[in-house]
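One structure is given below, encoded as structure tokens.
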Amino acid sequence: LVQDEIEGMGFAIPIEMAISSAEKLEKGEKISRPLLGVSLIDIDNTYALYRYGVSIDDSINSGAIIASIESGTPADSAKLKKGDVIIEVNGTKIKSVAHFRFVLYKYSVGDTITVKYNRNGKENEVKIKLTKSID
């Protein structure tokens, strides 16, 4: 992002995540992130929805839509599918893709999370054991 046209762009990292990471680094620990194995789209990103050929029920107004699933990942094992809308993780309602990542990164590799999702207008729930993301 070094073009002249890009102005006023900033990135924020939640302070809880920064402090946790700093503490691990100070102890000499390596930071590893949990992996679910999905590519996600925000509900209001109509271009991406069209591009990936995904349509959702109009009654769904928050969550993160699965655009694709990486083979051999926890999401693949849990039988999640393209077009599923992740609406909740361990009781926390998901607002967007960024919020999903924030919630996911609170967990560690090896943790089991409960994911509530909407598929074709019907809510489903699945337990998923998180693995380590590829470095």
Side-chain angles (χ1 to χ4, degrees):
L1 299 177
V2 292
Q3 300 173 352
D4 293 336
E5 297 83 24
I6 298 174
E7 187 175 319
M9 183 176 283
F11 297 93
I13 299 171
I15 191 65
E16 299 88 2
M17 192 177 292
I19 289 171
S20 172
S21 296
E23 288 170 353
K24 286 181 182 179
L25 291 172
E26 285 176 347
K27 294 176 187 174
E29 297 175 12
K30 188 173 182 180
I31 297 171
S32 61
R33 301 269 184 237
L35 172 73
L36 187 59
V38 293
S39 294
L40 300 169
I41 305 170
D42 278 318
I43 290 207
D44 59 356
N45 189 339
T46 53
Y47 171 74
L49 292 173
Y50 174 77
R51 182 171 166 239
Y52 284 95
V54 175
S55 62
I56 59 166
D57 189 281
D58 290 337
S59 66
I60 301 172
N61 54 21
S62 66
I65 304 166
I66 298 176
S68 64
I69 296 175
E70 192 175 330
S71 180
T73 61
D76 186 33
S77 298
K79 306 286 189 238
L80 291 175
K81 294 183 179 180
K82 175 181 175 177
D84 288 348
V85 182
I86 298 174
I87 54 176
E88 204 172 282
V89 173
N90 280 356
T92 301
K93 292 195 183 299
I94 301 302
K95 300 172 191 165
S96 65
V97 173
H99 184 239
F100 171 79
R101 286 190 187 111
F102 174 74
V103 171
L104 180 67
Y105 290 164
K106 289 181 178 182
Y107 298 97
S108 300
V109 173
D111 286 350
T112 298
I113 60 173
T114 301
V115 174
K116 188 182 285 188
Y117 62 96
N118 186 303
R119 178 181 293 160
N120 301 322
K122 183 180 176 189
E123 287 188 8
N124 302 287
E125 198 172 270
V126 64
K127 291 193 180 297
I128 302 173
K129 185 173 182 176
L130 300 172
T131 59
K132 181 182 177 202
S133 64
I134 301 168
D135 293 329

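No experiment lies behind these values; they were computed from the predicted model shown.
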Please give me the minimum heavy-atom distance between [X] and [Y], naming the atom from each residue.
X	Y	answer
K129	G110	CE-O, 3.5 Å
Y107	P34	O-CG, 3.4 Å
K79	R119	O-NH2, 2.9 Å
I69	L80	CD1-O, 2.7 Å
K95	H99	N-ND1, 3.1 Å
V97	L40	CG2-CB, 3.7 Å

>> Check this for me: Y52, atom OH, are more than 12 non-hydrogen atoms of other residues, nucleotides or ligands nearer than 6.0 Å?
In response: no
Linked, directly or transitively: [X] and [Y] (ILVMFWY side chains, under 4.5 Å):
X	Y	answer
V103	Y117	yes
I65	I94	no
V85	V54	yes
I43	V38	no
I87	I41	yes

Does [X] reach the side chain of [Y], with side-chain heavy atoms less than 4.5 Å apart?
X	Y	answer
L36	T73	no
N124	V126	no
V109	L130	no
Y47	N45	yes
T46	D44	no

[X] side, atom [atom1]; [Y] side, atom [atom2] - distance, nearest 0.5 Å:
X	Y	atom1	atom2	answer
E88	K93	CD	NZ	4.5 Å
D76	S68	CG	OG	11.0 Å
N61	D57	CG	CG	10.5 Å
S39	K82	OG	NZ	11.0 Å
I128	I113	CD1	CD1	5.5 Å

>> Applying side-chain hydrogen bond (donor to acceptor under 3.5 Å, both in side chains), can you list everything that pairs with K127, at least two apart in sequence or on another chain?
In response: T114
> Is the closest side-chain donor-acceptor distance between T92 and N90 under 3.5 Å?
Replying inline: no
